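Quick notes on the structure that follows.
Here is how names work: the chains are called A, B, and so on, in the same order as the sequence lines, proteins then strands, and each is numbered from 1. Everything numeric in this text was worked out from a predicted model, so none of it was measured.
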2 protein chains.
Amino acid sequence: MTELSTMKDGVANQAEASDRVLQILAEAGRLFASKGFEGTSMRDIALACGISKSLLYHHFANKDEIYARVAVGSTLELYLFVRDRIPDGAPSQKIRAFMVATAEYFRRYRWAWIASTTAFWNDPDRHRHKERLTRRDRFENFLRGLIQEAIDAGEIRKVDVPMTGRLILSSLNWMHRWYNPNKSATPEQIAEIFFDMIFNGLRSGELVELPGAVPPKEPLKTGRRKSR
Amino acid sequence: MTELSTMKDGVANQAEASDRVLQILAEAGRLFASKGFEGTSMRDIALACGISKSLLYHHFANKDEIYARVAVGSTLELYLFVRDRIPDGAPSQKIRAFMVATAEYFRRYRWAWIASTTAFWNDPDRHRHKERLTRRDRFENFLRGLIQEAIDAGEIRKVDVPMTGRLILSSLNWMHRWYNPNKSATPEQIAEIFFDMIFNGLRSGELVELPGAVPPKEPLKTGRRKSR
DNA sequence: TTTTTCACAGACCGATCGGTCAAGCCCGGC
DNA sequence: GCCGGGCTTGACCGATCGGTCTGTGAAAAA
């Protein structure tokens with residue numbers, strides 16, 4: 001069984017985590033995502049769980065620890081989740097798989113995702129959450145490795161690797177600001193559209209077919225018009 | 001004189017705004033950007049300004065109004081700021097100018113930018129800030145118009161316009177999460193790199209030169225390697 | 001000179017914050 | 001029976017929150 005098999009509700013995966021702890025983490029993640037860290041009180045979390053506030057302190061030392069479990073746990077899983085979904089094959093297709101997998105994670109564990117990408121970034125005391133940051137680094141370095149691989153294979157031009165990674169991650173990280181689950185397109189489909197744009201570029205002209213390049217399937221319609 | 005000439009510290013521009021009001025807006029914007037809305041208290045703002053807390057309530061009705069002035073003011077200015085910097089010429093070059101101008105705004109009025117793109121997006125009561133949202137819509141619709149123009153001119157392929165706008169704005173909106181003013185590249189240079197990537201795409205192959213397309217200047221170095 | 005205006009300060013308010021504590025409840029082992 | 005320990009509670013704490021109230025001093029208006 002993988003590290004993911006014990007995952008529950010997209011939040012925690014520690015083997016010893018009880019149902020109550022998982023419930024608290026799930027509700028807290030949802031609240032942090034919708035109201036922010038400072039905007040979510042311990043009373044809010046307790047009310048959402050239908051338990052007393054004191055019980056939160058029985059399971060967690062303080063508010064920071066709840067947030068850390070939501071954010072660190074989710075970021076660790078993000079790396080493993082994505083890594084396990086990268087197929088063998090053409091490097092550019094691995095980048096595409098990376099984007100689709102990240103989008104899938106976003107769709108499935110949306111609250112934990114938003115909580116981990118929203119809060120604390122501007123907190124001057126953010127080094128409390130060092131572990132989460134290094135895990136996020138691992139995730140980003142993994143993408144950079146894929147980009148370098150695609151360059152070495154000659155599938156993409158010799159672009160700046162860190163900047164390319166930032167462009168790709170920006171398109172995914174910003175999605176929670178505008179994504180509407182009620183609309184037709186899934187996050188995975190959106191990720192494929194972004195990959196197509198970033199990989200092929202916007203400018204008109206002949207598209208050069210590469211070994212494992214351009215997604216051959218017709219992407220989908222999200223708005224009024226779509227083509228290639 | 002333009003609407004921008006009365007702008008001060010990237011925040012407010014009302015003609016009747018006193019120095020003290022501008023000072024409060026500037027300090028509040030900085031604090032909202034660094035600690036978030038909920039994380040910033042009225043006492044914090046007063047302390048940063050070196051005034052009493054009561055004085056804040058002499059100039060503003062409440063905390064929401066201070067935030068609204070920071071965010072709405074800055075978002076209005078963003079649209080005007082960018083619009084005035086779009087040159088006549090090839091549509092794709094207008095998109096490039098749009099990105100560079102947005103990046104310049106980000107560099108110059110960073111606190112107001114972060115405050116306006118950070119807080120309140122997840123607030124269920126966000127409709128308090130309706131005015132800001134419609135102004136942000138105007139800004140985004142402006143970009144979509146430029147994209148449609150480039151499609152009609154045949155400079156870019158028939159991509160999905162809203163999705164293309166989201167990709168472009170994602171790359172710029174996410175910048176405040178990783179941008180380091182101490183590093184060499186300016187936001188404007190970063191915007192040019194992103195435009196180059198998005199416009200030309202990553203994949204290798206011959207680049208087709210268009211009337212006013214690819215920025216001919218060598219972009220710059222931000223990391224270890226860079227080429228095209 | 002008297003009056004009005006207004007930027008400003010300090011004391012204060014009820015509400016809520018994160019966090020503590022002592023005590024119950026419940027259930028399996030003796 | 002009863003005993004021990006983990007799950008759970010409500011009362012309570014000091015601190016801080018957003019916001020109000022009363023006054024003050026100095027400049028402008030009369």
Side-chain angles (χ1 to χ4, degrees), chain A residues 8 12 14-71 115 119-120 122-126 128-129, chain B residues 8 12 14-71 115 119-120 122-126 128-129:
Chain A
K8 199 163 183 178
Q14 279 83 348
E16 69 277 13
S18 68
D19 284 350
R20 171 108 311 156
V21 166
L22 293 178
Q23 178 197 18
I24 293 171
L25 290 174
E27 294 294 338
R30 193 175 55 77
L31 286 167
F32 287 151
S34 68
K35 310 204 302 176
F37 179 79
E38 303 283 354
T40 301
S41 71
M42 294 296 269
R43 286 166 179 83
D44 291 337
I45 299 172
L47 185 65
C49 294
I51 59 175
S52 70
K53 186 165 62 80
S54 323
L55 188 52
L56 297 177
Y57 289 95
H58 175 73
H59 290 293
F60 299 92
N62 51 40
K63 192 179 174 185
D64 273 6
E65 187 184 328
I66 295 181
Y67 178 81
R69 286 283 292 274
V70 170
F120 277 131
N122 298 311
D123 186 346
D125 201 14
R126 76 170 75 86
R128 285 182 298 184
H129 308 280
Chain B
K8 198 161 182 181
Q14 278 84 350
E16 70 276 14
S18 67
D19 283 350
R20 171 106 320 153
V21 166
L22 293 179
Q23 178 198 16
I24 292 171
L25 290 173
E27 293 295 337
R30 194 175 54 79
L31 287 167
F32 287 151
S34 68
K35 311 205 304 177
F37 179 79
E38 303 283 354
T40 300
S41 71
M42 295 295 269
R43 286 167 178 81
D44 291 336
I45 299 172
L47 185 64
C49 295
I51 61 177
S52 70
K53 186 164 63 79
S54 332
L55 189 52
L56 298 177
Y57 289 94
H58 176 73
H59 290 292
F60 300 92
N62 50 39
K63 193 179 173 184
D64 273 6
E65 186 185 326
I66 295 180
Y67 178 80
R69 286 282 294 274
V70 170
F120 276 132
N122 298 312
D123 187 347
D125 200 15
R126 77 169 75 83
R128 285 182 299 183
H129 308 279

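Taking the 5' to 3' direction, DNA chain C first and last meets chain A under 4.0 angstrom from a heavy atom at C/dC17 to C/dC21.
Taking both residues in full, the closest heavy atoms of A/Lys63 and A/Phe37 are given as NZ-O, 3.0 Å, listed atom of the first, atom of the second, then distance. The shortest non-hydrogen separation linking B/Val70 to B/Ala115 is CG1-CB, 4.0 Å.
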Report, one pair per line, the protein and nucleotides 7-11 of chain D atoms (nitrogen or oxygen only) whose separation is under 3.5 Å.
unit_1	atom_1	unit_2	atom_2	d
D/dC7	OP2	A/His58	NE2	3.0
D/dT8	OP1	A/Arg20	NH1	3.0
D/dT8	OP2	A/Arg20	NH1	3.4
D/dT9	OP2	A/Ser52	N	2.8
D/dT9	OP2	A/Ser52	OG	3.0
D/dG10	N7	A/Ser54	OG	3.2
D/dG10	O6	A/Ser54	OG	2.0

* To do: For A/Asp44 and A/Glu27, run side chain to side chain contact (heavy atoms under 4.5 Å, CB included): C-alpha distance rounded to whole Å, both residues' side-chain angles, the deciding distance at 0.1 Å, then the answer.
  => CA-CA 9 Å; A/Asp44 291 337; A/Glu27 294 294 338; over 6 Å; no
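Counting heavy atoms from C-beta on, the side chains of B/Ile24 and B/Leu55 never come closer than 4.5 Å. Counting only heavy atoms from C-beta outward, the side chains of B/Glu38 and A/Thr40 never approach each other to under 4.5 Å.
A donor-acceptor contact shorter than 3.5 Å is absent between the side chain of B/Tyr67 and the backbone of B/Phe32.
Residues meeting the side chain to side chain donor-acceptor pair (under 3.5 Å) test with A/Asn62, sequence neighbours left out: none.
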